[in-house]
Amino acid sequence: MKLTILGGGGFRVPLVYRALLGDRAEGRVTRVTLHDVDADRLAAIGGVLAEQARDVPGAPAVTVTTDLDEALRGADFVFSAIRVGGLAGRAADERVALAEGVLGQETVGAGGIAYGLRTVPVALDVARRVARIAPDAWVINFTNPAGLVTEAMSRVLGDRVIGICDSPVGLGRRVARLLGADPDEAWFDYAGLNHLGWLRGVRVAGRDELPRLLADPEALGSFEEGKLFGADWLRSLGAIPNEYLHYYYFNREAVRAYREAARTRGAYLREQQAAFYGSPSLDSWHATLAEREATYMAANREAAGAGARAEEDLQPGGYERVALALMRAIARDERTTLILNVRNRATLPVLDADAVVEVPCFVDANGAHPVSVSPLPLHAAGLVTAVKAAEREVLAAAESGSRETAVKAFALHPLVDSVSVARRLLAAYAREHPELGHLASR
């Protein structure tokens, strides 16, 4: 079975390959093709994977290529983790937004919209090529903004593209640990959009155990989300929000922390990874990964006074485990339940059938099937519909090239507080990203 990884020169690719090395069952991935537009990054990651595979019998064979059509030919699964514009683009997205006093995070607010505007056309091209060259392949999308990009690709590939994210996995693992439950045995009532979801229940042996956690102030304030949001706010919500909702619920504090930081997250990662790619090895990859995990959402934790991340949260093992579990379920018809980004159908009544949502799904050989969930409360439904409206304008702007539509995408987002700011954001992003120049002039 062949797996093609788009963005194959990306820093997190060795996490995926490490997971594949541990899969010894029949019907496993035997060939991996890495594709990237940057041959030097491909060579660096290819070398790290070769070190990982050393002395591992039957390790999947690895090839690298800068030819997209060649990479897709014969693929059974395509893992998409591209970054249009690289980390330099991410740093620019953050810098431009913060100059206007709004959030520039890569998936949330102005930064997410800018990233989406330049990523969606590339993702659509990938989807069309998959449909032409590997029509039987399943696409697993991790390219950010993951929900938006998955929805764009689904317009070409239908249900054969499935988005994944490690945030719900980490949240469920932390809550289950506090409840003394095995996360593999618990049912998580989670719903929303990518990076905009809420855990509303944790059923263990048929009983919802989340109220027990919400009633325990000490336990509630002891883990990542409790420290970020505060026990009082979690009890008020009656749910545990995805960590990215800190950007919404504490927006002023988050923006202030980002503006006061010595450098943005994108600038930090750009500098950190430049050092790794300058002298790549498996040891330096491990060291860089450990530092990356320790500094995740550092500005938000500083704004909340949450302190350093817990030791148990520093171990990677999120999105690559979801990807492998998803591939196993489809390829071997090993039925499982995962929280995924899929077309809504009738799962969340506040959205239409084609809107991509993040919800629990049953997965089998026929793909991912969203499970019915309880309705979102009004405050959550309001955020979800507002953000989805902005995403739809991003898709329309990417298709039409309309400046007015791109401005509308920025202006409708809940974290952009002025149409005038939206216009200035588009003009500034167009100066930073030549591929957006046509949007500022039409």
Side-chain angles (χ1 to χ4, degrees), residues 4-8 10 35-38 66-73 75 77-86 89-90 93 106-107 111-165 193-194 340-344 352-358 367-368 387-406 408-410 426 429-430 433-440 442:
T4 292
I5 302 179
L6 308 183
H35 171 269
D36 207 292
V37 297
D38 189 323
T66 56
D67 185 318
L68 180 56
D69 290 355
E70 177 186 339
L72 293 175
R73 200 165 290 116
F77 289 90
V78 177
F79 188 81
S80 179
I82 62 177
R83 180 175 289 282
V84 179
R90 176 176 177 175
D93 291 343
E106 69 168 332
T107 63
I113 292 170
Y115 192 22
L117 285 171
R118 66 176 189 275
T119 301
V120 164
V122 178
L124 285 171
D125 178 63
V126 168
R128 294 184 188 108
R129 294 211 206 186
V130 170
R132 185 177 74 250
I133 297 168
D136 295 328
W138 290 87
V139 176
I140 300 174
N141 179 61
F142 191 66
T143 297
N144 276 325
L148 170 62
V149 171
T150 300
E151 184 165 329
M153 298 182 82
S154 74
R155 294 183 173 185
V156 178
L157 298 172
D159 293 328
R160 293 191 79 86
V161 57
I162 300 167
I164 65 172
C165 182
L193 306 179
N194 179 241
L340 301 167
N341 287 267
V342 296
R343 291 198 289 187
N344 179 49
D352 60 71
D354 292 330
V356 164
V357 296
E358 191 168 78
V387 170
K388 181 57 71 176
E391 290 184 349
R392 287 285 171 79
E393 298 301 331
V394 172
L395 294 175
E399 180 180 359
S400 67
S402 164
R403 175 185 180 278
E404 290 76 12
T405 306
K408 190 177 178 184
F410 284 107
L426 178 59
Y429 281 129
H433 306 301
E435 61 269 40
L436 298 183
H438 67 289
L439 292 174
R442 291 174 64 174

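- Taken to the nearest 0.5 Å, the CE atom of Met153 stands 8.0 Å off from the CG atom of Leu124.
- Applying the side chain to side chain donor-acceptor pair (under 3.5 Å) criterion to Thr4, with sequence neighbours excluded, gives no partner residue.
- Listed by chain and number, the residues in a side chain to side chain donor-acceptor pair (under 3.5 Å) with Arg160 amount to none (sequence neighbours excluded).
- For the atom pair CZ of Arg155 and CG of Asp354, the computed distance is 8.0 Å after rounding to the nearest 0.5 Å.
- Summarising the geometry, atom CD1 belonging to Ile164 is positioned 4.0 Å from atom CZ belonging to Phe79; distances are rounded to the nearest 0.5 Å.
- Annotation for Gly7 and Ile82: closest pair N-CG2, 3.8 Å, computed over non-hydrogen atoms.
- Side-chain N or O atoms of Thr119 include none that pairs as donor or acceptor with a backbone N or O of Val84 at under 3.5 Å.
- Residues forming a salt bridge (charged side-chain N to carboxylate O under 4.0 Å, His left out) with Arg118 (at least two apart in sequence, or on another chain): Asp93.
- In this structure, the side chains of Asp159 and Val342 stay at 4.5 Å or more apart for every pair of heavy atoms.
- Looking at residues two or more places apart in sequence or on another chain, you find a salt bridge (charged side-chain N to carboxylate O under 4.0 Å, His left out) between Asp352 and Arg392.
- Residue Asp136 holds its CG atom at 11.5 Å from CZ of Phe77, rounded to the nearest 0.5 Å.
- Residues passing the side chain to side chain contact (heavy atoms under 4.5 Å, CB included) test with Asn144, sequence neighbours excluded: Glu106, Thr107, Tyr115, Ala146, Asn194, His195.
- Scored by the side chain to side chain donor-acceptor pair (under 3.5 Å) test, Glu435 finds no partners at all (sequence neighbours excluded).
- Closest heavy-atom contact between Ala137 and Ala75: CB-O, 3.4 Å.
- For Asp69, the side chain to side chain contact (heavy atoms under 4.5 Å, CB included) partners two or more places apart in sequence, or in a different chain, are Asp67, Arg73, Arg129, Arg132, Ile133.
- A donor-acceptor contact shorter than 3.5 Å links the side chain of Thr143 to the backbone of Ser80.
- Legend: residues meeting side chain to side chain contact (heavy atoms under 4.5 Å, CB included) with Ala131, ordered by chain and number and at least two apart, are Val156, Leu157.
- Taking Ala409 as the reference, Ile113, Glu393, Val394 meet the side chain to side chain contact (heavy atoms under 4.5 Å, CB included) condition, with sequence neighbours excluded.
- In this structure, Leu193 and Val357 have side chains that are in contact, with non-hydrogen atoms separated by less than 4.5 Å.
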